[in-house]
2 protein chains.
Amino acid sequence: MLDRAEPARRPWDEEPPPAEPGGAPGGQAAPGEWPLRPAAVELCLFTVAPHPEDARDALQVVLVRRGAPPFRGWWALPGGLLRPDESLSQAAARELAAETGVIGAHLEQLASFGDPTRDPRGTVSVVYLALVAAARVQLRAAAPATEAAWVPVDQLTRVPLAFDHAAILALAVERLRSKLKYSNIAFELVPARFTLRQLYRVYLAILDRGERQLPFSNFVRTFGRLAEGSVDDGFGRAPPLRVVGEARADGPGRPARLYEFVGRPGDERREFYRW
Amino acid sequence: MLDRAEPARRPWDEEPPPAEPGGAPGGQAAPGEWPLRPAAVELCLFTVAPHPEDARDALQVVLVRRGAPPFRGWWALPGGLLRPDESLSQAAARELAAETGVIGAHLEQLASFGDPTRDPRGTVSVVYLALVAAARVQLRAAAPATEAAWVPVDQLTRVPLAFDHAAILALAVERLRSKLKYSNIAFELVPARFTLRQLYRVYLAILDRGERQLPFSNFVRTFGRLAEGSVDDGFGRAPPLRVVGEARADGPGRPARLYEFVGRPGDERREFYRW
DNA sequence: CCAAAAGTGTTTTTCATACACCCATGC
DNA sequence: GCATGGGTGTATGAAAAACACTTTTGG
């Protein structure tokens with residue numbers, strides 16, 4: 001079996017299978033032999049906002065305090081058990097709204113965690129990476145009963161986290177950093193209309209770099225080019241950025257152009273930046 | 001709550017939480033209100049091997065025939081329910097060995113699927129991407145009771161698949177293609193000692209390209225460079241490839257060098273190839 | 001005028017691509 | 001010899017990086 005030398009078995013030349021099972025009988029959940037491992041979702045919700053202690057911007061994540069055992073009173077990622085009638089992304093959005101009040105954040109699946117020692121109840125957690133612009137967070141006034149807080153990722157080592165959430169967060173931060181290189185993910189962390197300086201700050205905060213390592217002038221050129229090209233270039237794609245006006249100057253210095261992201265969030269950029 | 005203007009709440013300045021719950025009481029699995037959604041693992045095991053009809057190599061995937069409802073008699077991805085005492089990757093390795101006899105394949109998590117309509121039992125599937133060199137498959141003689149077959153991915157549209165497995169496979173193929181660009185994943189699909197021509201064939205098969213679109217001579221230069229550099233360059237990493245000899249000529253033409261991959265499979269390449 | 005922020009010009013370097021060409025083997 | 005497959009040399013063009021410099025605002 002599976003020996004490549006055996007007489008060829010060709011599923012693609014067979015006749016179609018017997019019948020379509022819709023809600024066919026006989027398929028119950030219970031395996032009988034072992035207890036089931038329940039599925040849950042958890043969220044790593046990030047934003048980039050002024051650091052509470054430093055002067056610069058910082059990547060921050062939402063933590064909630066657990067109100068029930070295990071790990072009662074500990075800080076943890078928001079999340080909860082998956083319900084019978086919802087998809088994973090629906091559950092993620094529901095838990096995010098319920099525990100933090102944030103609605104409409106960008107959501108994408110990060111990974112799943114199912115080590116049997118991670119949770120005494122044997123839970124398998126599907127973890128979502130969520131991103132929201134800092135400006136949008138203030139608007140949410142719908143406060144649930146949960147205690148929630150933003151924590152800069154450089155302070156995470158000082159906060160004991162429940163379950164394996166410290167490891168999950170480490171992976172989330174790593175993924176976020178690497179996706180900056182080849183995806184449009186950063187546009188989820190700035191307001192709908194933004195200056196290139198704002199976008200630049202997001203890159204600096206997430207990559208934890210100084211202005212020296214990533215000169216602003218080159219950054220502007222690179223991202224400014226994303227607004228060039230015709231709206232329909234016939235073969236490729238339309239430019240993902242559009243100039244929509246000028247920001248008013250709120251201090252000294254020349255006012256910046258305002259941009260709008262008009263590409264699809266899931267799209268990967270063909271370009272690859274080494275930073 | 002979560003308003004950034006509220007009086008600062010600083011989890012990282014708090015005293016540590018009360019006590020560590022090891023196997024603390026009170027944490028049982030039952031939520032009481034809804035039935036649990038069980039967790040399972042499924043596998044997309046790929047190899048690159050001669051196409052059964054064409055002359056060229058082809059990317060192929062393992063399918064198994066389901067012996068129980070739902071979808072009894074249909075072709076499906078190998079997989080099964082997660083057991084209480086195992087991690088996700090252990091379950092993936094166990095199911096792979098049980099259903100296909102393949103041991104020691106490269107395993108990495110692909111994504112999880114939990115749409116409530118995907119399975120009448122409400123299963124949430126954590127799907128693994130698995131890769132194995134074709135030369136290693138023949139060696140497995142431990143044949144289980146399951147019926148299994150290799151199917152070239154270009155024939156998948158002709159095979160009706162159980163559940164949402166067609167969508168899962170589409171994602172897996174897309175991920176495999178995109179990871180070729182920036183990861184060391186292709187080395188999992190060639191023998192331990194390989195020629196650059198063998199590696200080249202893997203790239204052509206997965207990307208579904210001809211020799212024109214990706215000239216062999218440039219491929220050789222690019223990957224040959226991966227074997228250059230000192231073993232310890234002090235700051236960066238050691239070269240991920242090493243020349244280990246010459247292949248004997250089994251036909252006309254100059255014999256090729258044999259290479260060995262000595263990097264870590266999970267490592268991402270700093271280089272980014274556009275093909 | 002000066003400082004600060006936004007953005008451009010210009011050069012250098014790096015690197016992917018293309019393709020001509022040479023090398024080593026079997027027949 | 002000639003065909004076949006393995007590899008290198010070299011030119012070209014597109015950007016990424018480095019950095020000087022101009023533009024536009026507030027004080």
Side-chain angles (χ1 to χ4, degrees), chain A residues 55-57 180-182 190 193-204 207 209-229 233 236 239 241-259 269-275, chain B residues 55-57 180-182 190 193-204 207 209-229 236 239 241-260 269-275:
Chain A
R56 55 204 176 77
D57 281 356
L180 275 194
K181 296 193 202 339
Y182 60 87
V190 290
R193 318 172 100 228
F194 56 91
T195 67
L196 292 185
R197 174 71 69 173
Q198 286 177 292
L199 191 64
Y200 176 63
R201 274 202 241 271
V202 166
Y203 273 81
L204 289 189
L207 298 175
R209 296 266 154 72
E211 300 225 1
R212 290 294 154 77
Q213 286 131 353
L214 172 50
F216 179 63
S217 59
N218 286 337
F219 183 93
V220 165
R221 188 187 336 259
T222 301
F223 281 85
R225 269 205 287 259
L226 294 183
E228 292 167 11
D233 56 356
L241 284 191
R242 188 165 51 193
V243 179
V244 291
E246 289 235 326
R248 54 160 180 62
D250 60 348
R254 171 173 165 181
R257 294 176 198 149
L258 279 175
Y259 288 82
R269 281 202 303 264
R270 185 182 143 84
E271 305 81 27
F272 183 82
Y273 306 123
R274 279 171 173 72
W275 349 301
Chain B
R56 55 204 176 74
D57 281 357
L180 276 194
K181 297 193 200 341
Y182 60 88
V190 291
R193 319 172 101 228
F194 55 93
T195 67
L196 293 185
R197 173 70 71 172
Q198 288 177 291
L199 191 65
Y200 176 63
R201 274 202 241 273
V202 166
Y203 272 81
L204 289 190
L207 299 175
R209 295 260 153 70
E211 300 225 0
R212 291 292 153 76
Q213 287 131 354
L214 172 50
F216 179 64
S217 59
N218 287 338
F219 183 92
V220 164
R221 180 178 356 246
T222 302
F223 281 86
R225 269 206 286 259
L226 293 183
E228 293 167 10
L241 285 191
R242 189 165 51 192
V243 180
V244 291
E246 291 235 326
R248 53 161 180 64
D250 59 347
R254 171 173 163 181
R257 296 175 197 150
L258 279 176
Y259 287 82
E260 201 173 50
R269 284 203 302 264
R270 185 182 141 86
E271 306 82 26
F272 183 83
Y273 307 123
R274 278 170 174 74
W275 349 300

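Atom set for the values below is all heavy atoms of this structure, side chains included, hydrogens, waters and symmetry mates excluded. Numbers restart at 1 for each chain; the letters A, B, ... are given by sequence-line order, proteins then strands.
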Nearest-nucleotide check on DNA chain D, A:Asp250 vs A:Pro215; residue mapping nearer the 5' end is A:Pro215
With sequence neighbours left out, what residues match B:Arg56 under side-chain hydrogen bond (donor to acceptor under 3.5 Å, both in side chains)? B:Asp54
Under the ring pair (Phe, Tyr, Trp, His ring centres under 6.0 Å) test, residues paired with A:Tyr259 that sit two or more places apart: none
Residues in salt bridge (Lys or Arg N to Asp or Glu O under 4.0 Å) with A:Glu246, at least two apart? none
List for me each residue that meets side-chain hydrogen bond (donor to acceptor under 3.5 Å, both in side chains) alongside A:Arg242, sequence neighbours excluded, and say none if there are none. A:Glu260
Is B:Arg193 reaching over with its side chain to a backbone N or O of B:Val244, donor-acceptor style, under 3.5 angstrom? yes
Write out a two-atom table: protein N or O, nucleotide N or O from nucleotides 11-15 of chain D, distance below 3.5 Å.
none

Which residues pass the side chain to side chain contact (heavy atoms under 4.5 Å, CB included) test with B:Pro252, sequence neighbours left out? none
Qualifying residues under side chain to side chain contact (heavy atoms under 4.5 Å, CB included), relative to A:Arg221, sequence neighbours excluded: A:Asn218, A:Arg225
Indicate for each nucleotide in nucleotides 2-11 of chain C, in 5' to 3' sequence, whether protein heavy atoms under 4.0 Å reach the base (B), only the sugar-phosphate (S), or nothing (-). --BBBSBBB-
Whole-Å distance, B:Glu228 CD to D:dT8 C1', equals 12 Å
Which whole-number value in Å describes the distance from B:Leu199 CG to D:dG7 P? 12 Å
Between B:Phe219 (CZ) and C:dC19 (C1'), how many Å, whole number? 19 Å
